[in-house]
Amino acid sequence: MAFSSVGRCRALAYAYQAAGDLRRAIPLLKAVLAQREQAPGDTHPSTLNSRNNLASAYESAGDLRQAIPLYEATLAQREQVLGDTHPDTLISRNNLASAHRAVQAIQPSAT
């Protein structure tokens with residue numbers, strides 16, 4: 001997938017996601033992430049954004065088992081690459097916390 005194709009694929013994925021069609025959006029977001037992992041690389045900010053966007057789509061689809069590991073990886077890499085206080089790192093920390101709250105909300109209380 002050429003760079004311009006990545007941009008078109010990403011735009012189409014966002015359109016599907018905005019329309020609530022996550023069944024179509026997620027495979028496109030996965031393709032964008034795979035391409036960005038190849039170039040510009042696994043820890044490039046664009047790749048980290050793509051990983052976060054895929055995690056968000058999984059979370060929106062209710063698939064927290066897929067979302068949480070992606071959020072964890074994004075947070076760890078953003079901390080390493082951008083630092084603990086960078087706005088994107090803080091967003092990742094918030095996204096991960098939100099996903100964990102969602103898990104707690106659907107699990108029955110142990111008390």
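Side-chain atoms of Ser50 come within 3.5 Å of backbone atoms of Ser46 as a donor-acceptor pair (strictly under, hydrogens ignored). Checked by atom type and distance alone, the side chain of Thr47 pairs as donor or acceptor with a backbone atom of Gly41 at under 3.5 Å. For the pair Ser60 (side chain) and Ser56 (backbone), a donor-acceptor distance under 3.5 Å is present.
In this model, no donor atom of one side chain and acceptor atom of the other lie less than 3.5 Å apart for Asn49 and Arg10.
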>> Using the rule given for side chain to side chain contact (heavy atoms under 4.5 Å, CB included), can you reason through Arg93 versus Arg78, listing the C-alpha separation, both sets of side-chain angles and the distance that settles it, and then say yes or no?
In response: CA-CA 10 Å; Arg93 194 170 288 122; Arg78 281 181 169 169; over 6 Å; no
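Note that CG of Leu64 and CD of Gln66 are 10.5 Å apart. Values are rounded to the nearest 0.5 Å. Glu59 contributes atom CD, which lies 12.0 Å from atom CG of Leu54 (distance to the nearest 0.5 angstrom). Taken from CD in Gln77 to OG1 in Thr89, the straight-line distance is 11.0 Å, to the nearest 0.5 Å. Taking CG of Leu48 as the reference point, atom CG of Leu70 lies at 11.5 Å (rounded to 0.5 Å).
By the criterion of side-chain heavy atoms lying less than 4.5 angstrom apart, applied directly or through intervening Ile, Leu, Val, Met, Phe, Trp or Tyr residues, Tyr71 is not grouped with Ile91; the two fall into different hydrophobic clusters. Cluster membership for Tyr58 and Ile106, using ILVMFWY side-chain heavy atoms within less than 4.5 angstrom, is not shared.
Legend: residues meeting salt bridge (Lys or Arg N to Asp or Glu O under 4.0 Å) with Asp42, ordered by chain and number and at least two apart, are Arg51.
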N/O donor to acceptor pairs below 3.5 angstrom from side-chain atoms of residues 13-33, sequence neighbours left out:
| unit_1 | atom_1 | unit_2 | atom_2 | d |
| --- | --- | --- | --- | --- |
| Tyr14 | OH | Asn53 | ND2 | 2.5 |
| Asp21 | OD1 | Arg24 | N | 3.4 |

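Environment of CD in Gln38: sparse, with no more than 12 heavy atoms of neighbouring residues, nucleotides or ligands closer than 6.0 Å.
When each of Leu82, Asn52, Leu75 is checked for a side-chain contact (heavy atoms from CB on, under 4.5 Å) with Asp88, only Leu82 meets the rule.
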